[in-house]
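Notes follow once the structure below has been shown.
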Amino acid sequence: MTYKLILGALAATGLTAGAAAAATLDDVKERGALNCGVVTGLVGFGAPNANGEWEGFDVALCRAVAAAVLGDPTAVEFIPTTGKTRFTALASGEIDMLARNTTWTFSRDVDLKFEFTGINYYDGQGFMVPKSLGVTSAKDLDGATVCIQTGTTTELNLADFFRKNNISYEPVAVETNAEGQQQYQAGACDTYTTDASGLAATRAAFENPADHVILPEIISKEPLGPLVRHGDNEWGDVVRWTLNALIAAEEMGVTSANVQDMAAAPGDSPEINRLLGTEGNLGEMMGLEADWAVNAIAANGNYGEIFEKNIGENTPIGLARGLNAQWTNGGLLYSPPFR
């Protein structure tokens, strides 16, 4: 095969793959529901409530995307995934997007061919131990048994931390957070390690949360966010800008309580007007209705409302905003302009 023919074949393949990937938005519209990959169960982030309805910080993003695309935040099929199955589910097309405490890394972005569409939670890996163990630092865990979820970044981070500090450990592999919680409470491991937010959510579900301590060390950077398949540019834009809309809405003072009124009576801010579709054509650019962001914000509220309702300081999980505060309040949360 000549050089030109090879290039032609590659180009044709690329066009075919791109066309197939770009059809996700149309697929969701035609199906009338969003297939969203979530955790198997992590209170505060993604879990069914007493009525069997999925709720949580990551679940809210799924609902916001469904509202933006379909005008209905309930038009979501939640598909539980583990650390091992989540990427296969996304790559195969079983799910349209993944929204379940997944860390943005080079290899996941480049080698696994996924596209992260933003960061919805800045996190880091930590350790939880029973208070009765008397440990106050992760550096005191020499020889400890450690419950750790397979197929996650925590495995490599754990190995790096113990090697760097010249201490040893014995891993106890678990596949889901529920299994990790069970093993840890049964005494099968001295400590459980995962993202610090996940530890807080896990501890909140214990009968006696105060009997367990999250150690002070944060041993990694874990930027968590939603992702889609490579080549899915149009769909990636929808997920990315829905997240950005929730972040920007908080900064602009747009809430679930006032968004409909603000859309009905446009004010003096051109950017708010563009966000809410009363000025410009941002929705049309993405193949959505003009009120896509209004629907997304009305579904669960802005980013701050979602945070406070599901994982904030007044919930059992009790997380402070920290790095996840708006950039105007000393955090890292920042949306590109809507213009």
Side-chain angles (χ1 to χ4, degrees), residues 36 38-39 42-47 55-65 97-105 108-109 116-128 152-154 157 177 193-205 209 214-227 239-256 259 275 293 296-297 299-338:
C36 198
V38 291
V39 294
L42 183 62
V43 176
F45 285 86
E55 60 184 14
F57 181 77
D58 289 325
V59 166
L61 181 57
C62 299
R63 294 198 184 282
V65 172
M97 61 178 284
L98 185 65
R100 46 97 64 214
N101 57 344
T102 298
T103 303
W104 188 349
T105 70
R108 289 172 175 178
D109 193 320
F116 284 79
T117 57
I119 298 170
N120 71 334
Y121 194 93
Y122 291 90
D123 210 346
Q125 184 175 336
F127 297 86
M128 178 169 61
T152 64
T153 56
T154 56
N157 295 336
N177 185 70
T193 184
T194 187
D195 299 337
S197 63
L199 293 177
T202 299
R203 182 176 63 173
I214 298 176
L215 299 177
E217 287 88 355
I218 297 295
I219 68 170
S220 69
K221 292 185 294 183
E222 304 294 329
L224 310 179
L227 55 156
V239 178
R240 176 181 302 107
W241 285 98
T242 298
L243 173 58
N244 285 336
L246 302 179
I247 294 171
E250 182 185 14
E251 181 182 342
M252 297 175 186
V254 182
T255 69
S256 56
V259 64
L275 172 67
I297 297 163
N300 317 273
N302 61 38
Y303 180 94
E305 290 178 278
I306 293 169
F307 191 104
E308 293 308 318
K309 176 184 177 181
N310 293 287
I311 58 177
E313 291 183 289
N314 294 321
T315 69
I317 296 168
L319 293 173
R321 288 291 292 267
L323 295 176
N324 297 291
Q326 288 279 340
W327 68 284
T328 50
N329 293 323
L332 298 178
L333 219 57
Y334 189 109
S335 168
F338 281 79

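Being a predicted model, the structure only gives us computed values, none of them experimental. Side chains included, hydrogens not; waters and symmetry mates left out as well; all remaining heavy atoms used.
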In this structure, CG of Leu42 is separated from CD1 of Ile317 (nearest 0.5 Å) by 7.0 Å
Let me see the working for Asn120 and Asp58 under side chain to side chain contact (heavy atoms under 4.5 Å, CB included), right down to the final yes or no.
-> CA-CA 8 Å; Asn120 71 334; Asp58 289 325; 3.1 Å; yes
Hey, could you give me the CZ/OG1 distance between Arg108 and Thr103, rounded to the nearest 0.5 Å?
-> 5.5 Å
Report the C-alpha separation of Glu222 and Ser220 in whole Å, then their side-chain angles, then the decisive distance to 0.1 Å, and conclude whether the side-chain hydrogen bond (donor to acceptor under 3.5 Å, both in side chains) test is met.
-> CA-CA 6 Å; Glu222 304 294 329; Ser220 69; 2.5 Å; yes
Heavy-atom pair with the smallest gap, counting every atom of Ala296 and Ala64 | CB-O, 3.6 Å
Give the minimum heavy-atom separation between Ile218 and Gly124, together with the two atoms involved.
-> CG2-CA, 3.6 Å
Closest non-hydrogen atom pair, Ser197 against Leu319 | CB-CD1, 3.9 Å
Set of residues satisfying ring pair (Phe, Tyr, Trp, His ring centres under 6.0 Å) with respect to Phe116, sequence neighbours excluded = Trp104
Could you list the residues that satisfy side chain to side chain contact (heavy atoms under 4.5 Å, CB included) with Val259, not counting sequence neighbours?
-> Val254, Leu276, Val294, Ile297, Ala298
Is there a donor-acceptor contact under 3.5 Å from the side chain of Glu217 to the main chain of Gln125?
-> no
Between Val239 and Met97, the two heavy atoms sitting closest are CG1-CE, 3.9 Å
Any chance you could measure Leu61, atom CG, to Cys36, atom SG, to the nearest 0.5 Å?
-> 7.0 Å
Those residues that, when tested against Thr242, pass side chain to side chain donor-acceptor pair (under 3.5 Å) (two or more places apart) | none
Do Asn177 and Val39 come within less than 4.5 Å of each other through their side chains, counting heavy atoms only?
-> no
Set of side chain to side chain donor-acceptor pair (under 3.5 Å) partners for Asp195, sequence neighbours left out | none
Do the side chains of Thr117 and Leu243 get nearer than 4.5 Å, heavy atoms only?
-> no
Reported CD1-to-CD distance for the pair Ile306 and Glu250, which is rounded to 0.5 angstrom = 9.5 Å
Any side chain to side chain donor-acceptor pair (under 3.5 Å) pairs touching residues 299-315, not counting sequence neighbours?
-> Ser256-Glu305
Determine, step by step, whether Thr102 and Leu227 satisfy the side chain to side chain contact (heavy atoms under 4.5 Å, CB included) criterion, reporting the C-alpha distance in whole Å, the side-chain angles of both residues, the deciding distance to 0.1 Å, and the verdict.
-> CA-CA 8 Å; Thr102 298; Leu227 55 156; 3.8 Å; yes
Non-neighbouring partners of Pro336 that pass side chain to side chain contact (heavy atoms under 4.5 Å, CB included), sequence neighbours left out | Trp241, Asn244
Sequence neighbours excluded, the answer for side chain to side chain donor-acceptor pair (under 3.5 Å) partners of Arg63 is none
Rounded distance (nearest 0.5 Å) linking atom OH of Tyr122 with atom CG of Leu332 | 5.5 Å
Which pair of heavy atoms, one from Ile119 and one from Pro223, lies closest together, and at what distance?
-> CD1-CB, 3.6 Å
Distance (rounded to the nearest 0.5 Å) between Asn324 CG and Tyr121 OH = 5.0 Å
For Ala245, all residues meeting side chain to side chain contact (heavy atoms under 4.5 Å, CB included), sequence neighbours excluded = Leu275, Trp292, Ala293, Phe338
Counterpart residues, side chain to side chain donor-acceptor pair (under 3.5 Å), relative to Asn101 (two or more places apart) = none
For Ala325, side chain to side chain contact (heavy atoms under 4.5 Å, CB included) partners two or more places apart | Arg321, Asn329
Do you know the tightest heavy-atom contact between Gly126 and Thr193?
-> O-OG1, 2.8 Å
